[in-house]
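These notes are about the structure you will find just below.
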Amino acid sequence: MSEPQYGEPYLAKGNEAICEGAIWSGCRFFFGYPITPQNQIPEYMSRRLPEVGGVFLQGESELASINMVYGASASGARVMTTSSSPGISLMTEGISYLLASELPAVIVNVTRGGPGLGNIAAAQSDYNQATRMGHGDMPMIVLAPDSVQELYDHTGWAFELADAARAPVLVLADAILGQMMEPMRPRVDSPAPAPEKPWATNGCRGRAPNVINSLYSDPENMESVNMRVRARYEEVSKQCLRWAEHQAEDAEDLLLVAFGTSARVCESAVAHLRAGGTKAGLLRPITLRPFPSARLAALAESCRRIVVVEMNLGQMVDDVRLAVEGRCPVEFVGRTGGNIPSVEEIVEAVAPQASSAE
Amino acid sequence: MADAQVVFTPPESLHDTLMHYCSGCTHGTLHRVVAEIIDELGLRESTVGICPVGCAVYAYNYFAVDMIEAAHGRAPAVATGVKRSRPDCTVFTYQGDGDLASIGMGEIVHAAARNEAITVVFVNNGVFGMTQGQMAPTTLVGQRASTAPFGRRPDHEGFPVRVVEMLNALEGPTYLARASMASPKWIRDAKRKLRKAFLAQTEHHGFGLVEVLSSCPTWWGKTPKEALEWMESTTMAYYPVEEFRPLPSSEPEGE
Amino acid sequence: MNRIVVDDDKCRGCALCVEFCPKNVLRLADRFNRDGLRPVEMGWPERCIGCATCATVCPHVAIVLVERAARQKVGETE
């Protein structure tokens, strides 16, 4: 796999970076529905996709849109949809169908404040929805970008992973990431070609008819499909597991664990704590599924305490506790409802035990 | 002996397999008619069929074309996804009244409003069959169902929906008709209409839908023949069997 | 001669063909298929006119062939 080639940076809006990442990877079909804070995506795609010979269509609902994605994917296309929190809830049934029917697709959740109608501020309160989505066993790859560049890179990466796993892949962003602007370097090389899809339903000329289906009346068959889907997930997970570390190696006093926007706040908090003499560090999961459990367990051996920082009431903290398995205490700091924990709030929350002076 | 002429063999677009439908259920008849049309129009190798959740969920085992099983009510959306990504394919959905007119009402209205170039075979048998006979949006006033044990009452369950007439209020769709499986005459009439619903897609690049009145001997509590008689006397009184929106130009009738 | 061929194991014994046959050719056999249903058979084959009404109404595609003897031209012998 040759090193990716990037061009000159330009100031890009996160939501639009998602579109360009998808287009770079060969996605030519988008079905979606208006919902703030992801509206720039369908708007941009409605102009941009026709320019590259693609098709944009606004569905009558998120529910219709994910089923349009289902149809296009079944016919062999690289296809995506995007939405935000309540819209993703409406798509959940369709995403379960995609997984059970072994259909690749990319779904982006630009998370908003919730639950219910909530608001259009940024949040991370869909972590559990993303990592434990839908009905039935649903091992699904979930990516967590924390910048406009990663929104671009992850969307393209998601298409590769979706085809490799023959499954839907979710990119979990939020309102800030989607709507902020940052310099972004577009890829100037071309993507690896999408794999052949002999299973696609696009007219049985020259072959026996194909069937795309998720109904398996015989539990034995349903189980074997489940095992096959999981095996592919495990296989692809080995290669795509990814996280970032920020001064985590010698974070004896305190390891912060955070993804996306809250991880960026934590970077500042680490700097602040380090200046105050606390050996703090950060681990940022980039793939939420697969989760960097082994690395967390290893770091837990050598650090006094882990604090998970999220923009929700505590969701990823459960996965961190599962990974750490009691090796060291795991606490939680967070804000919800669309609020963002501030550097001061984090520093203050961790302060009492942080002073390693005693 | 003068050589005998074969006047009927099952269509190629139908797998030679036992279908699971109850004895006398006209789903099977309609499957054959649709498959005959696909053969006659030479579409088998470019057709993608979308089946619903309901009695016809297993249609992917019966139509010898590429098939997709859709989530309940979402076949028109799935069909849209296929058609928009592969406009060279002929796409049809096969849906029951629970699938299309209950949970899927939004999808069918918008597919029709978009004049989506797909063909919809809409089976109206007045009940939810697969799940044991519950009331459907098309259950007639007074007709009993497992969830309308006293028979449908307008002041409680409201009125059955005439889907084709409803869609006919839309600017979009190209061809709309209602047909019936009540007797050989009506089956032939249904075939003519279904053929036009496919031509709406292949010739006019538009939306074609035929609502086909079909029987459910099991949940109507009637023998297969009684069910067809009841369909002709009662069902067809409420659901007029006619063409509501003919094909734009005078379509050549020839085979 | 005019005839039909029935796939016994597909027949569900619904008798719609028996009811609609214009010449009362058909009847349910007094044997059972593998599902314990009585399949249709030509009870009075000589009456058959090869009109395929039975195949038209059969919901189970159990009638798999209908043959019609070419109409004999005047004077043509068997």
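Since this is a predicted model, take the numbers as computed values, not measurements. Chain letters run A, B, ... following the sequence lines, proteins first and then strands; every chain starts at 1.
- In this structure, chain B has no heavy atom under 4.5 Å from any part of A/Arg28.
- Separation of atoms OG (A/Ser75) and CZ (B/Arg86) is listed at 6.5 Å; rounding is to 0.5 Å.
- For the 3.5 Å distance criterion, the side chains of B/Tyr60 and B/His15 fail to qualify, holding no donor opposite an acceptor.
- Residue B/Arg114 touches chain A through its side chain alone, counting heavy-atom pairs closer than 4.5 Å.
- Of the two parts of B/Val65, only the backbone, made up of N, CA, C and O, holds a non-hydrogen atom closer than 4.5 Å to a non-hydrogen atom of chain A.
- With respect to B/Arg84 and B/Glu116, a salt bridge is recorded, a charged nitrogen being found less than 4.0 Å from a carboxylate O.
- Using a 4.5 Å cut-off between heavy atoms, A/Ser61 touches chain B through its side chain atoms alone.
- At a 4.5 Å heavy-atom cutoff, the contact between B/Ala70 and chain A is made by backbone atoms alone.
- The structure places CE of A/Met68 at 7.5 Å from CD of B/Glu107, a figure rounded to the nearest 0.5 Å.
- Using cut-offs of 30° and 60° on the angle between ring planes, the pair A/Tyr97 and A/His135 is perpendicular.
- Options B/Ala71, B/Ser46, B/Ala64 differ in how many heavy-atom pairs under 4.5 Å they form with chain A, and the most are formed by B/Ala71.
- With chain B as the partner, the residue from A/Asn213, A/Ile66, A/Val79, A/Val55 showing the most heavy-atom pairs under 4.5 Å is A/Asn213.
- Contacts between B/Phe63 and chain A at a heavy-atom distance below 4.5 Å are absent for every atom of the residue.
- Your options are A/Val211, A/Asn67, A/Leu215, and the one with the most heavy-atom pairs under 4.5 Å with chain B is A/Asn67.
- Taking a cutoff of 4.0 Å between a charged side-chain nitrogen and a carboxylate oxygen, B/Arg44 and B/Glu12 qualify as a salt bridge.
- The contact between A/Ala64 and chain B is made by backbone and side chain atoms together, counting heavy-atom distances below 4.5 Å.
- Between A/Val229 and A/Pro139 there is a side-chain heavy-atom pair separated by less than 4.5 Å.
- Heavy atoms closer than 4.5 Å to chain A are found nowhere in B/Val91, neither backbone nor side chain.
- Ring planes of A/Trp24 and A/Tyr152: tilted class, angle from 30 to 60°.
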